[in-house]
Structure formats: C-alpha cells, structure tokens
Amino acid sequence: MIQGRMFSQLTIPVLSKDILQEKIFRLTFSSAYISKKAKPGNFVHIRVGSTGNPLLRRAFSIHSVDFSKNKFDILFRVVGKGTELLSQA
C-alpha cells in the first residue's frame with residue numbers, strides 16, 4: 001500500500017462494447033467499488049487474458065464514470081496483442 005492509495009484486484013463484468021471507429025473501442029464496466037472512487041483520468045490495470053498470455057496487465061485511463069449506475073468507461077485503440085484480445089471482450 002502506498003500512502004493514501006489502495007490497490008485491489010477485482011473481477012468485474014464488461015457491460016457493453018462500442019466500436020467508435022476502425023480499431024477504436026469503448027468498453028463499459030460495472031463496478032460499484034471502482035465507480036465510487038474513480039474520476040476520469042485515473043487508471044485501471046486490466047488483465048486481458050485468463051491464460052497468462054499476455055503476461056502483463058494493460059493500464060487504461062478511465063474515460064467517464066456514471067456514479068449513479070456504478071459504471072465506468074475506457075477508450076482504447078487496438079495496437080497489439082493485448083488490446084486485440086480486449087477488443088474481443
């Protein structure tokens with residue numbers, strides 16, 4: 001724990017996936033824990049595979065938060081294996 005910051009590992013559902021342009025996506029996640037604490041510009045680290053491949057998590061900036069519905073969105077562009085897997089969520 002870093003002073004003033006808490007780190008948690010959660011499994012949360014993807015509520016929706018929107019294709020905004022070719023290779024640009026918006027994912028909406030449901031998490032009361034994250035949406036109550038997060039602000040646009042904060043980061044979430046997302047593990048994109050369940051098999052450990054790719055090994056490292058990807059950091060994504062939170063694009064928007066809907067506090068009343070416990071939802072938050074990330075935007076991303078497909079640029080490699082990790083984001084390609086995430087685009088298939």
Stepwise, does the side-chain contact (heavy atoms from CB on, under 4.5 Å) test hold for Lys71 with Val65? CA-CA 6 Å; Lys71 302 187 310 185; Val65 180; over 6 Å; no
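- Relative orientation of the Phe29 and Phe72 rings is parallel, given thresholds of 30° and 60° on the angle between their planes.
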Would Phe60 and Ile62 satisfy side-chain contact (heavy atoms from CB on, under 4.5 Å), going step by step from the backbone distance to the final call? CA-CA 6 Å; Phe60 295 93; Ile62 294 174; over 6 Å; no
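- Criterion: ILVMFWY side-chain heavy atoms under 4.5 Å apart, direct or through other members. Under it, Ile46 and Leu27 are part of a common hydrophobic cluster.
- Hydrophobic cluster membership differs between Leu85 and Ile24, with clusters built from Ile, Leu, Val, Met, Phe, Trp and Tyr side chains linked at under 4.5 angstrom.
- For Gln88, the CD atom sits in a packed shell: over 12 heavy atoms of surrounding residues, nucleotides or ligands are nearer than 6.0 Å.
- The nearest pair of heavy atoms linking Ser31 to Leu10 is OG-CD1, 4.1 Å.
- Gly41 approaches Ser61 most closely through the heavy-atom pair CA-OG, 3.5 Å.
- Between the side chain of Lys17 and the backbone N or O of Ser87 there is at least one donor-acceptor pair closer than 3.5 Å.
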Can you list the steps and then say if Asp73 with Leu75 is a side-chain contact (heavy atoms from CB on, under 4.5 Å)? CA-CA 7 Å; Asp73 298 330; Leu75 299 178; 5.7 Å; no
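- Cluster membership check: Phe25 does not share its hydrophobic cluster with Val79, using side-chain heavy-atom separations under 4.5 Å among Ile, Leu, Val, Met, Phe, Trp and Tyr.
- Between the side chains of Asp66 and Ser68, at least one donor N or O lies within less than 3.5 Å of an accepting N or O.
- To the nearest 0.5 Å, the span separating CD on Glu22 from CZ on Arg77 amounts to 10.0 Å.
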Check the pair Leu86, Arg58 against side-chain contact (heavy atoms from CB on, under 4.5 Å), reporting the backbone distance first and the verdict last. CA-CA 10 Å; Leu86 191 59; Arg58 298 327 193 243; over 6 Å; no
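- A single hydrophobic cluster is not seen to contain both Phe43 and Tyr33; linkage of ILVMFWY side chains at heavy-atom distances under 4.5 Å, directly or through other members, places them apart.
- Under the 4.5 Å side-chain heavy-atom criterion for grouping Ile, Leu, Val, Met, Phe, Trp and Tyr, Val44 is connected to Val78 within one hydrophobic cluster.
- The CG atom of Asn42 sits 14.0 Å away from the NE2 atom of His63 when rounded to the nearest 0.5 Å.
- Annotation for Pro40 and Ser64: closest pair CG-CA, 4.3 Å, computed over non-hydrogen atoms.
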